[in-house]
Amino acid sequence: MMAALAALLMAQQAAPVEQQPPPDQADVVVETQRDLPREAVKTYVGQITQYAELQIARFHDPICPVVAGMPEQYGGYIARRIKDIARQLKLRVADKPNCPANILVVIAIDGAAFVRGVRSDHADWLAGMHTPDVDRLARPGPPVRAWSATSVRNEDGAFVSGGTLIVKSASILRESTRQYIDSSFVVLDRTATYGLTLRQIADYAAMRSLARTREPPPGGGINTILSLFDKSAPTHPAGITSADMAYLQALYAREGAESGVQERARIARRISKGHE
């Protein structure tokens with residue numbers, strides 16, 4: 001995957017992003033917001049959550065982030081920050097230097113062109129996505145493109161074999177399938193990162209890659225790092241917010257056996273309870 005990624009960036013003659021190195025931060029700093037109205041929380045969860053075949057997907061394998069298109073010391077900070085957030089969520093993190101990358105953060109000269117290159121030469125990176133969604137990612141305009149390659153598994157994590165998925169249980173309370181995030185991609189146009197801190201870029205990438213999230217519409221009542229590229233917002237968070245972390249913590253509190261509707265309600269309840 002890394003050789004293919006390098007080739008895609010080379011085709012654009014990508015230049016590094018000029019950023020000042022941040023101070024070393026061992027702990028995850030979270031922007032807090034108190035007194036979140038329950039209806040606003042429900043709206044926030046519904047707006048940012050993407051379904052995968054009527055369930056909400058998540059990582060089950062160890063997290064291994066890689067950053068491309070910027071100087072190594074800056075990309076290394078972003079990768080470490082994503083790992084730190086993953087550890088806060090009690091996810092497994094691959095610490096070997098050459099671990100198989102499953103989170104790719106790319107700073108590209110032209111994000112749309114990058115996606116078109118992926119679609120042409122590495123269609124497996126788009127596994128589980130529908131054609132209209134890929135077409136949308138390949139269109140010029142948005143400063144960021146994020147997606148996850150997903151797969152359907154059974155209760156034990158086994159794949160479909162021969163067109164059949166063998167399941168071992170049936171319940172009205174628990175689904176017999178699980179939605180796995182196999183890899184996540186966050187592609188940012190280089191010019192869109194100007195003026196941002198590395199922490200903002202890292203935390204935005206973490207929120208888009210560790211869960212299948214999307215940006216909420218402008219004017220939401222919940223402070224979220226997902227609004228980082230909302231030009232209508234008067235200010236932007238300095239990093240991941242308490243609502244964002246509560247969302248990720250609630251998501252990874254379960255293994256994904258519920259329906260999407262059940263999970264959205266459970267996640268909203270947990271966020272509200274944590275802010276009471």
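Remember, it's a predicted structure, so these values are computed and weren't measured experimentally.
Taking CZ of R81 as the start and CD1 of I78 as the end, the distance is 11.0 Å to the nearest 0.5 Å. Note: Y252 OH to L248 CG = 7.5 Å, rounded to the nearest 0.5 Å. With rounding to the nearest 0.5 angstrom, the CG atom of L251 is 10.0 Å from the OG1 atom of T213. Here the straight-line distance linking atom OG1 of T150 with atom CD of Q55 works out to 11.0 Å at 0.5 Å rounding. The structure places CD1 of I240 at 10.0 Å from CD1 of I82, a figure rounded to the nearest 0.5 Å. Going from atom OG1 of T43 over to atom CD1 of I48 covers 11.5 Å, rounded to the nearest 0.5 Å.
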List the steps, then state whether side-chain contact (heavy atoms from CB on, under 4.5 Å) holds for R58 with I56.
-> CA-CA 7 Å; R58 68 207 75 199; I56 300 177; 4.2 Å; yes

Evaluate the criterion side-chain contact (heavy atoms from CB on, under 4.5 Å) for residue pair V67 and E72; output intermediate values, then yes/no.
-> CA-CA 8 Å; V67 182; E72 184 177 353; over 6 Å; no

Residues D95, K83; criterion side-chain contact (heavy atoms from CB on, under 4.5 Å); working and verdict | CA-CA 9 Å; D95 287 320; K83 286 182 177 181; 4.2 Å; yes

Using the side-chain contact (heavy atoms from CB on, under 4.5 Å) rule, take E215 and R208 through it: C-alpha gap first, then chi angles, then the decisive distance, then the call.
-> CA-CA 9 Å; E215 297 178 351; R208 293 301 304 266; 3.7 Å; yes

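The disulfide bond (SG atoms under 2.5 Å apart) analysis of residues 54-94, with sequence neighbours excluded, yields the pairs C64-C99.
Between R269 and K273 the shortest side-chain heavy-atom distance does not fall below 4.5 Å. Residues V118 and L126 are in side-chain contact: their nearest non-hydrogen atoms beyond the backbone lie under 4.5 Å apart. Using a 4.5 Å heavy-atom cutoff, the side chains of Q262 and S259 are in contact. Inter-residue side-chain proximity for V45 and I271 is flagged as met; some heavy-atom pair is nearer than 4.5 Å. Residues M207 and L210 have side chains not in contact (no heavy-atom distance under 4.5 Å, counting atoms from C-beta outward).
Across all their heavy atoms, Y180 and A57 have their closest contact at C-CB, 4.3 Å. Between E263 and G256 the shortest heavy-atom distance is OE2-CA, 4.1 Å. Residues A250 and R270 come closest through the heavy atom pair CB-CD, 3.6 Å. Considering every non-hydrogen atom in both E255 and R178, the closest pair reads OE2-NH2, 3.4 Å. Between V105 and A205, the shortest heavy-atom contact is CG2-CB, 3.8 Å. When all heavy atoms of A206 and I85 are compared, the pair lying nearest together is CB-CD1, 3.7 Å.
Distance alone, capped at 3.5 Å, places no donor-acceptor pair between the Q47 side chain and the P217 backbone. Panel note: side chain S227, backbone T224; a donor-acceptor pair is recorded below 3.5 Å. Judged by distance alone, the side chain of H236 and the main-chain N or O of D230 form a donor-acceptor pair under 3.5 Å. Under the 3.5 Å distance criterion, the side-chain polar atoms of T193 are matched with a main-chain donor or acceptor of R190. Using a distance-only test at 3.5 Å, with no hydrogens or angles considered, no donor-acceptor pair links the side chain of N102 to the main chain of S183. Side-chain N or O atoms of R264 include none that pairs as donor or acceptor with a backbone N or O of T49 at under 3.5 Å.
Residues D244 and Y44 bring a donor and an acceptor atom of their side chains to less than 3.5 Å of each other. No hydrogens or angles considered: nothing links the side chains of T191 and D189 as a donor-acceptor pair under 3.5 Å. Side-chain atoms of N223 and T241 form no donor-acceptor pair, as typed in the model, at a separation below 3.5 Å. Donor-acceptor pairing under 3.5 Å is recorded for the side chains of S151 and R153.
The pair D84-R87 meets the salt-bridge criterion, with a side-chain N (NZ, NE, NH1 or NH2) lying under 4.0 Å from an Asp/Glu carboxylate O.
Legend: residues meeting ring-ring contact (aromatic ring centres under 6.0 Å, His included) with F229, ordered by chain and number and at least two apart, are Y204.
Counting heavy-atom neighbours within 6.0 Å of N98 CG, excluding the residue itself, gives a total of 12 or less.
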For residues 142-149, dump all side-chain donor-acceptor pairs below 3.5 Å to protein atoms at least two apart in sequence or in another chain.
{"from": "R145", "atom 1": "NE", "to": "L137", "atom 2": "O", "distance (Å)": "2.6"}
{"from": "R145", "atom 1": "NH1", "to": "P142", "atom 2": "O", "distance (Å)": "2.8"}
{"from": "R145", "atom 1": "NH2", "to": "R139", "atom 2": "O", "distance (Å)": "2.7"}
{"from": "R145", "atom 1": "NH2", "to": "P142", "atom 2": "O", "distance (Å)": "3.4"}
{"from": "W147", "atom 1": "NE1", "to": "W125", "atom 2": "O", "distance (Å)": "3.0"}
{"from": "S148", "atom 1": "OG", "to": "S184", "atom 2": "OG", "distance (Å)": "2.8"}

